[in-house]
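Here the structure comes first, spelled out in structure tokens, and everything after it is commentary.
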There are 2 protein chains.
Amino acid sequence: MNTLAEENYLKSIYHLSMDAGNVSTNQIAASLKTKASSVTDMLKKLADKALINYTRYQGVSLTPSGEKIAINIIRKHRLWEYFLVEKLNFKWDQVHDMAEEMEHISSAELIDRLDKFMDYPQHDPHGEPIPDCNGRFKAHELKPISALSVNDSGIISGVRDHTSSFLQYLEKQQLVIGKKIAITEIISFDHSVVLQVENIKEVHISREVANNLLIAL
Amino acid sequence: MNTLAEENYLKSIYHLSMDAGNVSTNQIAASLKTKASSVTDMLKKLADKALINYTRYQGVSLTPSGEKIAINIIRKHRLWEYFLVEKLNFKWDQVHDMAEEMEHISSAELIDRLDKFMDYPQHDPHGEPIPDCNGRFKAHELKPISALSVNDSGIISGVRDHTSSFLQYLEKQQLVIGKKIAITEIISFDHSVVLQVENIKEVHISREVANNLLIAL
DNA sequence: CTCATAATTTAGATAAGTCTAAATTTTTTA
DNA sequence: TAAAAAATTTAGACTTATCTAAATTATGAG
Ligand SMILES: [Mn+2]
Ligand SMILES: [Mn+2]
Ligand SMILES: [Mn+2]
Ligand SMILES: [Mn+2]
């Protein structure tokens, strides 16, 4: 259907569209670790296939059919990540690169059966919602810890940064998906935050960590 | 490591080497549904990488490192087939094309954990042996039904032909892996064979089917 | 042994995806 | 608002994997 490269571009454009409206050539290039000129070439191809809206120098957005493809790849990515963690006992910081390959396995029936096999999970190991077989999912309403105030509490439900080092740090601090936390203190000097983690212990995190750890209230 | 095309060539050469010694350009072309000239190009590349022994016009064989790669791909192919049948409930005639994609997922740790998850299966859904993580497996000593005599009996343990239509035919006749059969009669006119299937029923199969259904004695 | 045929390789072309360097357009800044 | 800077596109090249058509080598029938 679509090539591996095309799929990766569509997924990247989809993710970048979440933050901003139109996505720029340079943003895509950075996200795919490729050069702007390569991106321009691909944008022309995707526009020819009517998967993106593209006018020179103006950035791009996905068309409905482009978005459908992107969401399907994300569905596959997240289901495979869930499989790797829940069935094969990988850690949440180990699965991204493998899922990056597996998301391109083409069979729709395979992925629907995998979904059923795992009993239709709603979220991947990083708290991201998993689209259903029709591409529907509810975008989660999460706030970074840095947006909370003292005495606010909630449940750790997602991360903004997916790098291994960040996930490993969180794991070591027991700041993992599902844990209940409450804000004990916010240090005004550096905006670092002191948290109470489920009556287990107190953790002091930097502003950067607080920016990247997402809470459901 | 190696490209998808290179992996498919190595696997094809490995399989073709089972029947004959040196594998010819045309055999590879037929097996990969490509042209002889494309094969020649790839053979040069694989020879440069020291994965095959190649002298012009003389056909090829795998080097030890080429064989190791081929066996690893076959391991992945068969483990994924087993997964699709045993965990996702696909039929044995549905899994080949999916496994053809999945065999190229690169992570060795993933495949070793998958192996463990399924409790180290010895054979894929078609009865083919699954190499262990060191590439070792015991080649099965099977005979086609056409090589047996009246009153011989044994267990259905493999198939030579993996096409959907053949596998579906076998399934319909209940001639599946694990079933015990005995030769009741061999019709000398057309070499067709009458079988007793596990005291369940009698089946009459053509010479062609008898040639492609493998028995462990 | 010789020549016709079959098998294989070479030559030259194409498509996908990438790159560097140069040109163009947009945006920012002064 | 004009020049500088940044972003983007174009031009031309490269790699991988294909193909067709032509040339070469091997094989086997007589
Ligand atoms: Mn990918
Ligand atoms: Mn994830
Ligand atoms: Mn394959
Ligand atoms: Mn098989």
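All figures in this text were calculated on a predicted structure; none of them were measured in a lab. Throughout, a chain's letter reflects where its sequence line sits, starting with A, and its residues are numbered from 1.
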*To the nearest Å, give me how far apart CG (Asn22(A)) and P (dT26(C)) are.*
15 Å

*Considering only heavy atoms and no angle criterion, is a donor-acceptor pair shorter than 3.5 Å present between the side chain of Ser37(A) and the base of dT20(C)?*
yes

_Judged by each residue's nearest nucleotide on DNA chain C, which is more toward the 5′ side, Thr55(B) or Glu6(A)?_
Thr55(B)

*Any side-chain donor paired with an acceptor under 3.5 Å for Ser146(B) and His191(B)?*
no

*Between Asp115(A) and Arg78(A), is there a side-chain N and carboxylate O pair less than 4.0 Å apart?*
no

*asked:* Quick test of your reading of the model: are Arg113(A) and Glu109(A) salt-bridged, counting only N-O distances below 4.0 Å?
replied: yes

*With a 4.0 Å heavy-atom cut-off, tell me which residues in residues 23-34 of chain A come close to DNA chain C, sorted by residue number.*
Thr34(A)

_Rounded distance (Å) that lies between atom P of dA16(C) and atom CG of Leu4(B)_ = 17 Å

*Whole Å only: how far is the CG atom of Leu46(B) from the C1' atom of dT16(D)?*
13 Å

*So, is Tyr54(B) close to the dT9(C) phosphate, meaning a side-chain N or O under 4.0 Å from OP1 or OP2?*
yes

*Parallel, tilted or perpendicular: which fits the ring planes of Trp80(A) and Phe83(A), with parallel below 30° and perpendicular above 60°?*
perpendicular

*Could you pull out the closest heavy-atom pair between Ala70(B) and Tyr14(B), with the gap in Å?*
CB-CB, 3.7 Å

_For atom CE of Met42(A) and atom C1' of dT9(D), their distance in whole Å_ = 16 Å

_Taking Asp112(B) first and then Arg75(B), would you say they form a salt bridge - that is, a charged N and a carboxylate O separated by under 4.0 Å?_
yes

*asked:* With a 4.0 Å limit, can you tell me whether Lys35(B) has a side-chain N or O closer than that to the phosphate oxygens OP1/OP2 of dT18(D)?
replied: no

*Distance below 4.0 Å between Lys44(A) side-chain N/O and dT10(D) OP1 or OP2*: yes

*Would you mind telling me which of dA16(C), dT9(C), dT18(D) lies closest to the side-chain atoms of Tyr9(B)?*
dT18(D)

*Round to a whole Å and report the spacing from CD of Gln58(A) to P of dA6(D).*
20 Å

*How close or far is atom C1' of dA26(D) from atom OH of Tyr57(B), stated in whole angstroms?*
8 Å

*Is any side-chain N or O of Ser38(A) closer than 4.0 Å to OP1 or OP2 of dT18(C)?*
no

*Tell me whether the OP1 or OP2 atom of dT10(C) has a side-chain N or O from Arg56(B) closer than 4.0 Å.*
yes

_What's the closest nucleotide to the side chain of Ala5(B) if the choices are dT9(C), dT16(D), dT18(D)?_
dT18(D)

*Please give, in whole Å, the distance from dA13(C) P to Asp41(B) CG?*
15 Å

*Quick one: is the NZ or CZ of Lys87(B) closer than 6.0 Å to the six-membered ring centre of Phe117(B), and within 45° of its axis?*
yes

